[in-house]
Chemist: 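To start, I am sharing the structure in question, which I have written as C-alpha cells.
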Amino acid sequence: MSTQNTPNEQNIQVKISLLIFLKGSVAPIVLYVENPQAIYTNLQAVMQAQEAPKLIELEALGPIKKVCLVSSEISGISLQEEQYMVKA
C-alpha cells in the first residue's frame with residue numbers, strides 16, 4: 001500500500017476563526033484574526049454591557065480585511081476550529 005495519498009499528521013494545521021452573527025442575517029461574518037480568544041472575550045463584554053450601542057471596527061487577516069459594525073446588531077459570537085493541510 002502506498003502512503004503517498006495518506007495525509008501526514010505533521011502537515012495538518014489548525015486555525016481558529018471568529019464568527020459574528022448579526023441580527024437579520026442568515027450567515028455569520030467569518031474573521032481570521034491574530035488573537036481570536038481576546039476579541040471573543042471583548043465582544044462578549046460589549047454584548048453584556050448595558051450601554052448605548054458602540055461602533056466596533058475589527059481588522060482581520062483573511063479574505064475580509066476590516067469590518068465595522070454596531071454592537072447592538074450582534075446577535076451572537078462563536079469560535080470555530082478549522083483544520084487545513086499545509087503543502088510539504
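Hydrogens, waters and symmetry mates play no part in the numbers below; they use all other heavy atoms, side chains included. Position 1 is the first residue of the sequence, and the numbers go up from there.
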Chemist: Hey, any chance Phe21 and Val70 share a hydrophobic cluster, counting ILVMFWY side chains that come within less than 4.5 Å of each other, even indirectly?
Modeler: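 No; tracing contacts between hydrophobic side chains, which count when under 4.5 Å, never links both residues.
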Chemist: With a 4.5 Å heavy-atom cut-off, do Ile64 and Val30 have their side chains touching?
Modeler: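 No, every pair of side-chain atoms sits at 4.5 Å or beyond.
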Chemist: Which pairs of donor and acceptor atoms, one on a side chain in residues 43-50, lie under 3.5 Å apart (sequence neighbours left out)?
Modeler:
none

Chemist: Nearest heavy-atom pair of Ser72 and Lys23: which atoms, and what distance?
Modeler: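 Distance-wise, the nearest heavy atoms are O-NZ, 2.8 Å.
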Chemist: Check the surroundings of atom CD in Glu34: do more than 12 heavy atoms from other residues, nucleotides or ligands lie under 6.0 Å from it?
Modeler: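 It does not: Glu34 CD has 12 such atoms or fewer within range.
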Chemist: Quick check for you: to the nearest 0.5 Å, what is the distance between Met85 atom CE and Asn11 atom CG?
Modeler: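 Here the rounded value is 5.0 Å.
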Chemist: Flag the pair Ile74 / Ile56 as yes when at least one side-chain heavy-atom distance between them is below 4.5 Å, and no otherwise.
Modeler: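 Ile74 vs Ile56: side chains touch.
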Chemist: I need the minimum non-hydrogen distance between Leu61 and Val33, along with the two atoms involved.
Modeler: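 Closest heavy-atom pair between Leu61 and Val33: CD1-C, 4.0 Å.
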Chemist: Quick one, Glu82 and Ile16 - any side-chain contact, counting heavy atoms below 4.5 Å?
Modeler: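 When only atoms from C-beta onward are counted, Ile16 and Glu82 do not touch, as no gap falls below 4.5 Å.
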Chemist: Can you confirm whether more than 12 heavy atoms, excluding those of Lys54, are under 6.0 Å from its NZ atom?
Modeler: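 Incorrect, the count does not exceed 12.
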Chemist: Please tell me whether Leu58 and Leu22 are part of a single hydrophobic cluster in this structure, the criterion being side-chain heavy atoms less than 4.5 Å apart.
Modeler: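 Yes, Leu58 and Leu22 fall within the same hydrophobic cluster.
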Chemist: Once rounded to the nearest 0.5 Å, what's the spacing between atom CD of Glu59 and atom NZ of Lys66?
Modeler: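 Glu59 atom CD to Lys66 atom NZ measures 4.5 Å (nearest 0.5 Å).
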Chemist: Same cluster or not: are Tyr32 and Tyr40 linked, directly or through other Ile, Leu, Val, Met, Phe, Trp or Tyr residues, by side-chain heavy atoms under 4.5 angstrom apart?
Modeler: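 Tyr32 does not cluster with Tyr40.
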Chemist: State the OG1-CG distance between Thr41 and Leu79, to the nearest 0.5 angstrom.
Modeler: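 Nearest 0.5 Å value for the OG1-CG distance: 8.0 Å.
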Chemist: If you measure from CD1 on Ile77 to CD1 on Ile29, what distance do you get to the nearest 0.5 Å?
Modeler: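 Here the interatomic distance stands at 12.5 Å.
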